[in-house]
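Note that this is a predicted model, so its numbers are computed, not measured. As the structure lists them, so they are numbered: ligands from 1, and atoms in each ligand from 1. Computed over heavy atoms, backbone and side chain alike; hydrogens, waters and symmetry mates excluded.
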Amino acid sequence: MTKLHGNNFNTLGIETSCDETAVAVYHSSRGLLSHVVHSQVAVHADYGGVVPELASRDHIRKLLPLIQQALCEAAIERADGVAYTAGPGLVGALMVGASVGRSLALAWNVPAVAVHHMEGHLLAPMLEDEPPPFPFIALLVSGGHSMLVQVTGVGEYELLGETLDDAAGEAFDKTAKLLNLGYPGGPALARLAEEGRPDVHRFPRPMVDKPGLDFSFSGLKTAAMLAVRGADDTHQARADIARGFEDAVVETLSLKCRRAMRQTGAQRLVVAGGVGANRRLRAQLKAMAEADGGRVYYPRFEFCTDNGAMIAYAGSLRLQAGNVADTVIEARPRWSLEQLPSIDVA
Ligand code: KG4
Ligand code: ZN
């Protein structure tokens, strides 16, 4: 099966790398035709985090009905190509989407493409009305990753910095757990921080004094833990810690983004991944970029967190470029973004 030609084909996108089952249909010229998502929050809530085995089982239960729904909402019976998230992620969860996606492509006799989850996040702002032109710096902040990437084209990614320990979302989730906010903690912590006072806690801004563009969040998490232990058990005390923690993460990320933009001369910053839904982070990065004469681009809120639209979109570009493999099912729990082939997008 070779590449899809022309500008008139549908791509079915399937995302099952973690705890969201998501499906979308993207048309190469008409844009996004449908997108549906099922969150597994209720499945994992009692355990305080994602249980990989339960995630795989729930993807199996939900994926086919969601595919049917996405096709129906797009008013098509089959797609011209299939894109599925092949990694990075939980291997069992990835295998569900990969097996179903590849098999559908075989049955429909259409090409399938293995999509890199982080490339999906990185390209998600392209689905908006004013997509960012290349080149740009991308800040990718999710539950599993925190990285700064220099992007000069599709597949032209140079890693400028990454986390040395916890991902930004992971730090949000772990600190939220300390504050008894349940799972997933990031959005709940951000809500609590709204009620917190800004100057009660001044937590460390990890690694901002050192040169370079790597991050580290474990020290900040420990500082927050000590603050929780030493604080009164009141709502206000917990809100103050949430605010102090959020401010420290936001300021650290913002400083590193400014450094990356100045270092590379980039004028544009793309922010994607679940933590990119954080309102304070969005506001701070916007102010930072604009102060330097630059501009920041985000996906809409629902496409910051995991979704099928970004996979269908990235897959559509790669199908057009002929990045297809014959009948193999690809699931890569670890997969470097820099290994992806570059493609020419006309
Ligand atoms: O991209 P994503 O949906 O899944 C991964 O690929 O990991 O990101 C999920 C992460 C979680 O850690 C979640 O707590 C965090 O994004 N998150 C937030 C917010 N919304 C989601 N963190 C801070 N503030 C938010 N508003
Ligand atoms: Zn993600």
Side-chain angles (χ1 to χ4, degrees), residues 13-22 24 35 37-41 44-45 48-50 52 55 59 84-90 93-94 97 115-125 138-147 149 162-163 166-179 181-194 196 217 220-221 224 242-243 245-254 270-285 298-311 313-314 333-335 337:
I14 297 175
E15 158 61 40
T16 64
S17 67
C18 190
D19 58 347
E20 259 99 27
T21 319
H35 64 99
V37 52
H38 163 75
S39 161
Q40 297 184 350
V41 165
H44 305 291
V50 179
H59 287 308
Y84 63 85
T85 302
L90 303 171
L94 291 167
V115 173
H116 192 294
H117 182 78
M118 300 313 288
E119 177 171 67
H121 275 305
L122 192 153
L123 296 176
L139 172 69
L140 301 180
V141 272
S142 68
H145 296 87
S146 296
M147 35 189 178
V149 185
E162 63 186 330
T163 184
D166 292 347
E170 196 178 353
F172 262 96
D173 293 338
K174 287 179 177 170
T175 304
K177 206 166 179 179
L178 289 171
L179 292 166
L181 295 174
Y183 151 89
L189 190 148
R191 273 194 303 278
L192 183 61
E194 291 296 313
F217 290 109
L220 171 59
K221 189 187 61 192
R243 178 65 193 265
F245 171 83
E246 187 181 55
D247 282 349
V249 175
V250 167
E251 198 181 309
T252 304
L253 292 175
S254 170
V270 157
V271 184
V275 182
N278 185 279
R279 286 175 196 275
R280 214 180 294 280
L281 178 68
R282 290 165 88 101
Q284 172 84 28
L285 290 175
Y298 305 98
R300 70 195 83 166
F301 281 105
E302 62 187 324
F303 293 164
C304 279
T305 46
D306 289 348
N307 64 86
M310 65 185 194
I311 303 304
Y313 176 74
R334 291 177 174 276
W335 187 6
L337 198 54

Set of side chain to side chain donor-acceptor pair (under 3.5 Å) partners for D166, sequence neighbours left out: K174, K221
Contact check, C18 vs ligand 1, heavy-atom distance below 4.0 Å: no
Nearest option to atom 23 (C) of ligand 1, as decided by whichever heavy atom of L181, L189, N307, N278 sits closest: N278
Pair T21, H38: side-chain N/O donor-acceptor within cut-off below 3.5 Å: no
Distance criterion under 2.8 Å: protein N/O/S atoms around the Zn ion (ligand 2): 3
Distance filter under 4.0 Å to G169 heavy atoms, resulting ligand 1 atoms: 12 (O)
Nearest-neighbour protein heavy atom for atom 19 (C) of ligand 1, which is reported as residue plus atom name and distance: G274 O, 3.7 Å
Residues Y183, D19; criterion side-chain contact (heavy atoms from CB on, under 4.5 Å); working and verdict: CA-CA 12 Å; Y183 151 89; D19 58 347; 2.2 Å; yes
Any residue meeting salt bridge (charged side-chain N to carboxylate O under 4.0 Å, His left out) with E194, in chain and number order, not counting sequence neighbours: R280
Near-ring test F217/F172, centroid separation under 6.0 angstrom: no
Numbered atoms of ligand 1 (with element) below 4.0 Å of T305, judged on heavy atoms: 3 (O)
Min N/O separation E20 to ligand 1 under 3.5 Å: no
Identity and distance of the protein heavy atom lying nearest atom 10 (C) of ligand 1: G143 N, 3.5 Å
For E15 against G308, the heavy-atom pair lying closest together: CB-CA, 4.3 Å
P88 versus S17, closest heavy-atom pair with distance: O-CB, 3.8 Å
Close N or O approach (G186, ligand 1; < 3.5 Å): yes
Location of contacts on H117 toward ligand 1, heavy atoms closer than 4.0 Å: side chain
Shortest non-hydrogen contact from G144 toward A167: C-CB, 3.6 Å
Geometric N/O contact G273 with ligand 1, under 3.5 angstrom: no
Nitrogen or oxygen atoms of P187 and ligand 1 under 3.5 Å apart: no
Atom of A55, atom of V50 and distance for their closest heavy-atom approach: CB-CG1, 4.3 Å
CA sep, side-chain torsions, deciding dist, call: R282, F301, side-chain contact (heavy atoms from CB on, under 4.5 Å): CA-CA 11 Å; R282 290 165 88 101; F301 281 105; 3.8 Å; yes
Atoms of ligand 1 close to S142 [distance to a heavy atom under 4.0 angstrom, numbered from 1]: 1 (O), 5 (C), 6 (O), 7 (O), 8 (O)
Nearest heavy atoms of L220 and A248, plus distance in Å: CD1-CB, 3.7 Å
Distance from atom 3 (O) of ligand 1 to nearest protein heavy atom, with residue and atom: D306 N, 3.1 Å
A168 backbone acceptor or donor facing S146 side chain under 3.5 Å: yes
D173, portion touching ligand 1 at heavy-atom distance under 4.0 Å: side chain
Listed partners of R300 passing salt bridge (charged side-chain N to carboxylate O under 4.0 Å, His left out), at least two apart: E128
Test item: E302 and V37 side chains (from C-beta on) under 4.5 Å apart, heavy atoms: no
Part of H121 within contact of ligand 1 (heavy atoms, under 4.0 Å): side chain
Per-atom contacts of ligand 1 with G144, taking only distances under 4.0 Å to non-hydrogen atoms: 7 (O)
